[in-house]
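One structure is given here, and the rest of the page talks about it.
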Number of protein chains: 2
Amino acid sequence: MLNNDVYKALSDENRRRILDILHEKDHTAGEIADQFTMSKAGISQHLNILKQAELVYAKKQGQYVLYSLNTSVFQEVVRWLMKFNKEE
Amino acid sequence: MLNNDVYKALSDENRRRILDILHEKDHTAGEIADQFTMSKAGISQHLNILKQAELVYAKKQGQYVLYSLNTSVFQEVVRWLMKFNKEE
DNA sequence: TAAGTATTTAAGTAATTACTTAAATATAAA
DNA sequence: TTTATATTTAAGTAATTACTTAAATACTTA
């Protein structure tokens, strides 16, 4: 079964907004932080929670860290939720 | 957009287990509580969170309260998650 | 009506969460 | 090298969460 961390990660509005931003295209940590009023440290902590849940990848590029979506984990959540809508 | 309460409701392991139990068939509050080691009051509070999130219905039947799934809200969560997997 | 059963509400608490600012680390550029 | 930029880590804190037990409410049955 799917990790509790994934659902916990998705339960925060700011983290879901980060996922929406990354859905558009890959972004560095700073580019993401620029779209929030929250401190960069706060965003970094949210990114870490998303990374732990394997919802995003982080790749160091020089002095930047480029974040991108890991779409495969979303499929697992969808699979669990789908069963409540269809007969199996 | 979908209510934050829904994601918050889904973020707890015990609440997801309650949803799995209700997916099987409708249950009274007591029948649900019997499947947990937690107090009945604790389960009642979880049921209330699921009800606020409109993930379940509650219907009083005599001295019992019968809980059942409200499948329509799941579809909204699935819709949000699906976009991370497919090109739109 | 009194007693029993089912459920919720209230009040309290320990643990967790979401932030903050300051300091640390890593890389780049002057 | 020093200074600037990007990001993370650490430490502290206020708010929220997930429970508990005890009391309240609602219904049923003797």
Side-chain angles (χ1 to χ4, degrees), chain A residues 1-22 24-70 77, chain B residues 1-22 24-70 77:
Chain A
M1 234 292 246
L2 190 54
N3 199 322
N4 190 39
D5 289 354
V6 175
Y7 295 97
K8 283 264 195 278
L10 294 174
S11 73
D12 182 85
E13 205 143 33
N14 287 321
R15 286 193 292 268
R16 291 198 306 279
R17 212 179 121 202
I18 291 173
L19 294 174
D20 277 328
I21 288 166
L22 291 177
E24 200 191 296
K25 65 174 173 53
D26 299 354
H27 285 75
T28 65
E31 286 168 346
I32 294 166
D34 286 346
Q35 307 207 33
F36 291 83
T37 51
M38 191 186 306
S39 69
K40 284 176 196 298
I43 293 298
S44 179
Q45 286 157 15
H46 282 306
L47 286 169
N48 189 248
I49 288 166
L50 292 169
K51 199 167 64 178
Q52 291 310 309
E54 298 184 83
L55 287 163
V56 305
Y57 294 116
K59 187 178 181 180
K60 182 116 202 190
Q61 297 208 324
Q63 71 189 310
Y64 301 92
V65 178
L66 191 64
Y67 281 89
S68 58
L69 288 179
N70 173 6
V77 187
Chain B
M1 232 295 246
L2 193 52
N3 199 320
N4 190 41
D5 289 353
V6 175
Y7 294 97
K8 284 263 194 279
L10 293 173
S11 73
D12 182 86
E13 205 143 34
N14 287 321
R15 286 194 291 269
R16 291 197 305 278
R17 211 179 121 201
I18 290 174
L19 294 174
D20 278 328
I21 289 167
L22 292 177
E24 202 190 295
K25 66 170 172 53
D26 297 354
H27 284 74
T28 66
E31 286 169 346
I32 294 165
D34 287 347
Q35 307 207 35
F36 291 83
T37 51
M38 191 186 305
S39 69
K40 283 176 197 298
I43 293 298
S44 179
Q45 287 158 16
H46 281 307
L47 286 169
N48 190 247
I49 288 166
L50 292 169
K51 200 167 62 180
Q52 292 309 309
E54 296 183 84
L55 287 163
V56 306
Y57 293 118
K59 187 179 180 180
K60 183 116 202 188
Q61 296 208 326
Q63 71 189 308
Y64 302 92
V65 177
L66 191 64
Y67 282 88
S68 58
L69 288 180
N70 173 9
V77 187

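Nucleotide D/dA10 holds its P atom 20 Å from the NZ atom of A/Lys40, rounded to whole Å. The distance between atom CD1 of A/Ile18 and atom C1' of C/dC19, rounded to the nearest whole Å, is 13 Å. In this structure, B/Asp12 places its CG atom 13 Å from C1' of D/dT16, rounding to the nearest Å. We find that CZ of B/Arg15 is positioned 9 Å from P of D/dT17, with the value rounded to whole Å. B/Asp34 has its CG atom 14 Å from the P atom of C/dT5, to the nearest Å. Between B/Gln45 atom CD and D/dT17 atom P there is a gap of 13 Å when expressed in whole angstrom units. Rounded to whole Å, the distance from CD1 on A/Ile43 to C1' on C/dT21 is 16 Å. Straight-line distance from the NZ atom of A/Lys8 to the P atom of D/dT16: 16 Å, rounded to whole Å.
Note that CD of B/Gln35 and NE2 of B/His27 are 5.0 Å apart. Values are rounded to the nearest 0.5 Å.
Using a 4.0 Å heavy-atom criterion, one finds that A/Gly62 contacts the sugar-phosphate atoms exclusively. Counting non-hydrogen atoms under 4.0 angstrom, A/Asn48 reaches nothing in the nucleic acid. Among the atoms of the strands shown, only primed sugar atoms or phosphate atoms (P, OP1, OP2) are found under 4.0 Å from some heavy atom of A/Gly30. If you check every strand for non-hydrogen atoms under 4.0 Å, A/Ala41 touches a base.
For B/Tyr67, no side-chain nitrogen or oxygen approaches OP1 or OP2 of C/dA6 to under 4.0 Å. Within the structure, a side-chain polar atom (N or O) of B/His46 is placed less than 4.0 Å from OP1 or OP2 of D/dC19.
Between A/Gln63 and A/Ala58, the one whose closest nucleotide on DNA chain D sits nearer the 5' end is A/Gln63. Taking the nucleotide of DNA chain D with the nearest heavy atom to each of B/Gly42 and A/Lys51, the more 5' of the two is matched to A/Lys51. Position along DNA chain C of the nearest nucleotide to A/Ser39 versus A/Tyr64 favours A/Ser39 as the more 5'-ward residue.
Nearest nucleotide to the side chain of B/Met38, out of D/dC27, D/dT8, D/dT20: D/dT20. In the set D/dC19, C/dT7, C/dA18, the nucleotide with an atom closest to the side chain of A/Ile49 is C/dA18.
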- Message: side chain to side chain contact (heavy atoms under 4.5 Å, CB included), that's the test. Do B/Leu55 and B/Leu22 meet it? Break it down for me.
- Response: CA-CA 11 Å; B/Leu55 287 163; B/Leu22 292 177; over 6 Å; no
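Without hydrogens or angle criteria, A/Arg16 side chain to B/Asn4 main chain gives no donor-acceptor distance under 3.5 Å.
For A/Lys40 and A/Asp34, the salt-bridge test passes: some basic side-chain N is under 4.0 Å from an acidic carboxylate O.
Residues A/Val77 and B/Val77 form no side-chain contact, since every pair of their non-hydrogen atoms from C-beta on lies 4.5 Å or further apart.
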